[in-house]
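Since the structure comes first, as structure tokens, the remarks are kept for the end.
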Amino acid sequence: MKRVLLVFGTRPEAIKMAPLVKALKKRKEFTVGVAVTAQHREMLDQVLDLFEIVPDYDLNIMKAGQTLFDITSHVLLGLKDVLEDFNPDFLLVHGDTTTTMAASLAGFYQGVVVGHVEAGLRTGDKRSPWPEEMNRRITDVLADYYFAPTEVNRENLLKESVPPERIFVTGNTVIDALLWAVKQECNLDGLGLDAVDWSKKIILLTCHRRENWGAPMDAIFSAVKEIKVNHDDVEVVFPVHKNPLVREIAAKHFRGVSGIHCIEPLDYHPFSLLMNKAYFVMTDSGGIQEEAPSLGKPVLVLRDTTERPEAVSAGTVKVAGTDRAKIMGLAEELLTNRAAYDTMAQTRNPYGDGKAAEEICRILVENSNIN
């Protein structure tokens, strides 16, 4: 039996790795271990509880005011003992977090075969998103297996001279997780949603990225406020990130505005159900660009770049950037032009059919001698 260790540390990683943990544990070919770094603690634990995953190792690195230097060094040193104890044949990491980059380096130092789930995403700008763009590039330099969600990601890797026989297009495991989650019952009471008028068009807003702090976020929130003021049939739900700067800017623009509901961050499960209730989504998140189209929800990306161009090409996502006028224009079109809305909402999601985890398992079985 091959020994497979999955390492992750944040809520988005946990969501996308959970289906793979479940799928691998069903296969007789593998002994499976899970190591979490807890780069995020509370948000990570919420996902572990939802998917009933009990880690075999928990580095528990999160601390107040932690820096990228802290995260990188603690993950790298902490995984040394884990790798020596579990002695995996394969180390699987996900995406573009600092946990992912440091875990890949630890695996490389230990001589373990590294598989990168969600490989090959690129914006081409190493500072946008920061530090994620460089985290995923470094991980792809260190990896041995590349599980690319789409053909575009595969082409990115080929341009960087990755051997084609090491790249596998699988779809994205986030769709596996989402399609499971929205079928599960969840009580939305007590989450700050009681005053929402669900008969109206609900805009779901998320915005927190570092590159949007300051003037860009001011422009975004100003646009959102104007959109709401101009449309009585619209309500905005905004789970506000815990970062004090984000909360300060949100309060400046949204305090006292009827129909804009600033609530506490939601666990993954209720957030998935909220996304399913939304008319469309405005976000600077990465994963939501993949998730919302699976539910037939148009997405306006509140960033100037996206590492997910497939959704833009498919027509499920439009890049609004941080320009106030552009944001308002694209939102206005979705709210007033039913044909434009339906075109985005009914487009096929390019990120797969919810069977990516099973595909990755199959590939690992068939290529178990790779080194």
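Side-chain N or O atoms of Tyr351 include none that pairs as donor or acceptor with a backbone N or O of Thr150 at under 3.5 Å. Judged by distance alone, with hydrogens and angles left aside, the side-chain atoms of Asn337 form a donor-acceptor pair with the main-chain N or O of Ala340 at under 3.5 Å. In terms of modelled atom types and a separation under 3.5 Å, the side chain of Asp176 and the main chain of Ala356 share a donor-acceptor contact. Remark: the backbone N or O of Thr67 is paired with a side-chain donor or acceptor of Asp70 at under 3.5 angstrom. Looking at Lys297, its side chain does come within 3.5 Å of a backbone N or O of Ala278 through a donor-acceptor pair. With hydrogens and angles disregarded, no donor-acceptor distance shorter than 3.5 Å links the side chain of Asn172 to the backbone of Gly352. A donor-acceptor distance shorter than 3.5 angstrom exists from the side chain of Lys228 to the backbone of Val234, with no hydrogens or angles considered. No donor-acceptor pair closer than 3.5 Å links the side chain of Lys22 to the backbone N or O of Ile53. In this structure a side-chain-to-backbone donor-acceptor pair under 3.5 Å is missing from Glu358 to Lys355. At least one donor-acceptor pair under 3.5 Å links the side chain of Tyr341 to the backbone N or O of Tyr279.
For the 3.5 Å distance criterion, the side chains of Asp284 and Asn212 qualify, holding a donor opposite an acceptor. Neither side chain, Thr139 nor Thr100, offers a donor N or O lying under 3.5 Å from an acceptor on the other. Side-chain contact, Glu13 with His40: no donor N or O sits under 3.5 Å from an acceptor N or O. Looking at Gln289 and Thr306, their side chains do bring a donor and an acceptor atom within 3.5 Å of each other. Counted by atom type alone, Asp197 and Ser199 present one or more donor-acceptor pairs between their side chains at under 3.5 Å. With no hydrogens or angles considered, no side-chain donor-acceptor pair links Asn243 and His208 at under 3.5 Å. Defined by atom type and a distance below 3.5 Å, a donor-acceptor pair is missing between the side-chain atoms of Asn153 and Glu118. With no hydrogens or angles considered, a side-chain donor-acceptor pair links Thr305 and Ser128 at under 3.5 Å.
At a threshold of 4.0 Å, the pair Asp218-Lys252 counts as salt-bridged, since one of the basic side-chain nitrogens sits closer than that to a carboxylate oxygen. Under 4.0 Å is where a charged nitrogen must lie from a carboxylate oxygen, and between Arg122 and Glu160 at least one such pair does. Between Glu291 and Lys16, no side-chain nitrogen of the basic residue sits less than 4.0 Å from a carboxylate oxygen of the acidic one, so the salt-bridge criterion is not met.
Around CD of Glu84, the count of heavy atoms belonging to other residues, nucleotides or ligands within 6.0 Å exceeds 12. Within a 6.0 Å radius of NZ in Lys200, other residues, nucleotides and ligands contribute more than 12 heavy atoms. The neighbour count for Glu29 CD, taken as heavy atoms of other residues, nucleotides or ligands under 6.0 Å away, is above 12. Other residues, nucleotides and ligands contribute only 12 or fewer heavy atoms inside 6.0 Å of the CZ atom of Arg348.
When each of Val36, Thr37, Ile15 is paired with Leu44, the side-chain contact (heavy atoms from CB on, under 4.5 Å) condition holds for Val36 and for no other.
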Query raised in the report: Given Val75 and Gln39, is the side chain to side chain contact (heavy atoms under 4.5 Å, CB included) satisfied, shown in steps?
Result: CA-CA 9 Å; Val75 171; Gln39 178 178 332; 5.7 Å; no

**Report entry** Check against side chain to side chain contact (heavy atoms under 4.5 Å, CB included), Asp89 and Val112
**Finding:** CA-CA 6 Å; Asp89 297 291; Val112 180; over 6 Å; no

Requested in this report: Begin with the C-alpha distance, continue with both residues' side-chain angles, and end with the deciding distance and a verdict on side-chain hydrogen bond (donor to acceptor under 3.5 Å, both in side chains) for Gln46 and His269.
Outcome: CA-CA 9 Å; Gln46 293 164 1; His269 194 192; over 6 Å; no

Report task. Test Val299 against Phe280 for side chain to side chain contact (heavy atoms under 4.5 Å, CB included), laying out the working first. Result -> CA-CA 6 Å; Val299 180; Phe280 68 86; over 6 Å; no

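Side-chain contact check for Met217 versus Cys207: some heavy-atom pair is nearer than 4.5 Å.
Cation-pi geometry between Arg3 and Phe86 is satisfied (NZ or CZ under 6.0 Å from the ring centre, within 45° of the ring normal).
When hydrophobic clusters are built by joining Ile, Leu, Val, Met, Phe, Trp and Tyr residues whose side-chain heavy atoms come closer than 4.5 Å, directly or via intermediates, Val32 is grouped together with Phe51. In the hydrophobic clustering of ILVMFWY residues, with side-chain heavy atoms under 4.5 Å counting as a link, Leu5 and Val113 come out apart.
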Determine all donor-acceptor pairs shorter than 3.5 Å in which one atom belongs to a side chain in residues 178-194; sequence neighbours excluded.
| from | atom 1 | to | atom 2 | distance (Å) |
| --- | --- | --- | --- | --- |
| Gln184 | NE2 | Trp180 | O | 2.9 |
| Asn187 | OD1 | Asp189 | N | 2.8 |

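A tilted orientation is assigned to the rings of Phe221 and Phe254, their planes being inclined by 30° to 60°.
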